[in-house]
Asks: 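Shown below is the structure under consideration.
A, B, ... follow the sequence lines: proteins, then strands. Residue 1 opens every chain. Just so we're clear, the structure is a prediction, and the values are computed from it rather than from any experiment.
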Protein chains: 2
Amino acid sequence: MNTSSQGEIKLANFKVGVDSVIFCVDLERNRLLVLVVKRIEEPFVNTWSLPGTLVREGESLESAAYRILSEKIPVKNLYLEQLYTFGGPHRDPRESPDSYGVRYLSVSYFALVSYASAHLLLENSKQVAWYEVSKVPPLAFDHDQILDYGYQRLKNKLAYSPIAFDVLPELFTLHDLYQLYEIVLGANFSDYSNFRNRLLKLGFLQNSKIKISKGAGRPANLYRFSSSAFAPIKDYPLVFI
Amino acid sequence: MNTSSQGEIKLANFKVGVDSVIFCVDLERNRLLVLVVKRIEEPFVNTWSLPGTLVREGESLESAAYRILSEKIPVKNLYLEQLYTFGGPHRDPRESPDSYGVRYLSVSYFALVSYASAHLLLENSKQVAWYEVSKVPPLAFDHDQILDYGYQRLKNKLAYSPIAFDVLPELFTLHDLYQLYEIVLGANFSDYSNFRNRLLKLGFLQNSKIKISKGAGRPANLYRFSSSAFAPIKDYPLVFI
DNA sequence: ACAAAAGTGTTGGTGTTACACCCATGG
DNA sequence: CCATGGGTGTAACACCAACACTTTTGT
């Protein structure tokens, strides 16, 4: 960072926004949902957009991300990570010449939240909504692009990281887990029996021996993610698919 | 991004810096190098740091990254991608209370450049240097962290993406390619014969049938990366290791 | 008894690992 | 003719996809 002070060179001044792609897997109705909010001011007033906020004094990027999240849903049982930073000029219409040349930069975050948290808000105001990923309307700014990017990341993360266990309940059946993967990656992403064998062979799923019945049929075992059993293998390249 | 206008809430104002982790593989001496520059002003004056700059008016993040790059080396034959954005408060000492609360955010980029480009600069001033990754001195700001992050990314990219071919010469031997991988990933990352078979089976390496001799021993075939043969498979999950 | 849900087993095929071996050239 | 650098082959094994099958429950 050098500030060579030749006559005409001026540094840009930025406001920094944090926009989040918040996913939620609805296991009851087999849907992958993403959270959108309706803009209440210009630009793009009344257009759907990703939930976001501008970073305040003394606030970190991640805090800002958590702040908007917590305004919408309980911030428990979630996975959050930084996605990408979009910072080109002219990506925000507010960057008009008459606004003293202030630029708007957006640091995007990607989150996966538990359905239990999420559906608290399902009946909420008209300003906030969960859309199925395949049915999201056109979004404000470059948010369509950010959403695509986040969706890709979600699919990759699911294949290589244990993020599913951040949003499943403490105890879950292997069919729940399989279904979560199916909803995100598409049906036939893998044979159930092979999926099951692979996961169990990795050794971090603990059979609680507690049984749970879902109508007719053999009751399923409830499993638990054992972070202590996962710790030693966390740095190896694992594939969960 | 909502600008709720309650009394005391103030948005932070940012300068945005772009810092790059620039790697270069020296095939002649089996070293992985990273570019560092000596700071010529406060803060951290005379400390080594990653090459960076503050974003100017009308300039995109990537342009800024290319700008510093091009000051140091020819920006041909390189791979560049965004790494991570560090934006917490207090990461930059310039954020003192008397500087009107301006925050410094850093968008980091990661680059791999060809050795041919890089060594043009090897004899340069005392302000710029290539260090072996394992011997980099402590860096200014949080640049040690950024370097670590970039090194990780380099290793991952090499395993899953054809970035090596961006920095190898047009024609190269399979041993050159293997050596490049060895330097970055460490010796014994894979058996040579297996590495070779895997790469050839992927089908995008074109044998030019031109032979080249390296002292005694059988001459090696020169290969060429065929981007047209790679295109159809680029979206599949490939492993090059 | 039967259908539904969960869980187990089998089999052919493919990929990977760790080597040993063969080929072409310079000195 | 042999050391050197380059290239090929292969046996054992692990893994994986696909599918059939068994077990346990509710009605």
Asks: Measure from NE2 on B/His175 to C1' on D/dT4 and round the result to the nearest Å.
Replies: 11 Å

Asks: State which of D/dG9, D/dG6, D/dC19 makes the closest approach to the side chain of B/Ser193.
Replies: D/dG9

Asks: With a 3.5 Å cut-off and sequence neighbours excluded, list the donor-acceptor pairs that the side chains of residues 206-214 of chain B form with protein atoms.
Replies:
from: B/Gln206; atom 1: OE1; to: B/Arg224; atom 2: NH1; distance (Å): 3.3
from: B/Asn207; atom 1: OD1; to: B/Lys209; atom 2: N; distance (Å): 2.7
from: B/Asn207; atom 1: ND2; to: B/Tyr223; atom 2: OH; distance (Å): 3.4
from: B/Ser208; atom 1: OG; to: B/Ile210; atom 2: N; distance (Å): 3.1
from: B/Ser208; atom 1: OG; to: B/Leu222; atom 2: O; distance (Å): 2.7
from: B/Lys211; atom 1: NZ; to: B/Asn221; atom 2: OD1; distance (Å): 2.9

Asks: Answer with yes or no whether A/Asn194 presents, from its side chain, a donor or acceptor under 3.5 Å of a partner atom in the base of D/dA17.
Replies: yes

Asks: Let me know, please, whether A/Asp191 or B/Tyr192 comes out on the 5' side of the other along DNA chain D by nearest nucleotide.
Replies: B/Tyr192

Asks: Would you indicate what B/Asn221 reaches in the nucleic acid, counting non-hydrogen atoms under 4.0 angstrom: base, sugar-phosphate, or nothing?
Replies: sugar-phosphate

Asks: Considering only heavy atoms of chain B and a distance under 4.0 Å, specify the first and last nucleotide of DNA chain C in 5' to 3' order that meet this criterion.
Replies: C/dT16 to C/dG26

Asks: Donor-acceptor pair, A/Ser161 side chain versus A/Leu158 backbone, under 3.5 Å?
Replies: no

Asks: With a 3.5 Å distance limit and no angle check, can you tell me whether B/His143 reaches the backbone of B/Leu50 through a side-chain donor-acceptor pair?
Replies: yes

Asks: Select base, sugar-phosphate, or nothing to describe what B/Arg196 touches, counting heavy atoms under 4.0 Å on all strands.
Replies: base

Asks: For the backbone of A/Gln145 and the side chain of A/Asp142, can you confirm whether one donor and one acceptor N or O come within less than 3.5 Å of each other?
Replies: no

Asks: Where the side chain of B/Tyr178 meets the backbone of B/Arg196, is there a donor-acceptor pair that is under 3.5 Å apart?
Replies: no

Asks: Using only atom types and a distance under 3.5 Å, with no angle test, would you say the side chain of A/Asp176 pairs donor to acceptor with the backbone of A/Thr173?
Replies: yes

Asks: Any donor and acceptor pair, going by atom type alone, linking the side chain of A/Asp191 with main-chain N or O of A/Asn194 inside 3.5 Å?
Replies: yes

Asks: Is there a donor-acceptor contact under 3.5 Å from the side chain of A/Ser108 to the main chain of A/Tyr84?
Replies: yes

Asks: What residues from residues 200-220 of chain A pass a heavy-atom cutoff of under 4.0 Å to DNA chain C?
Replies: A/Lys214, A/Ala216, A/Gly217, A/Arg218, A/Pro219, A/Ala220

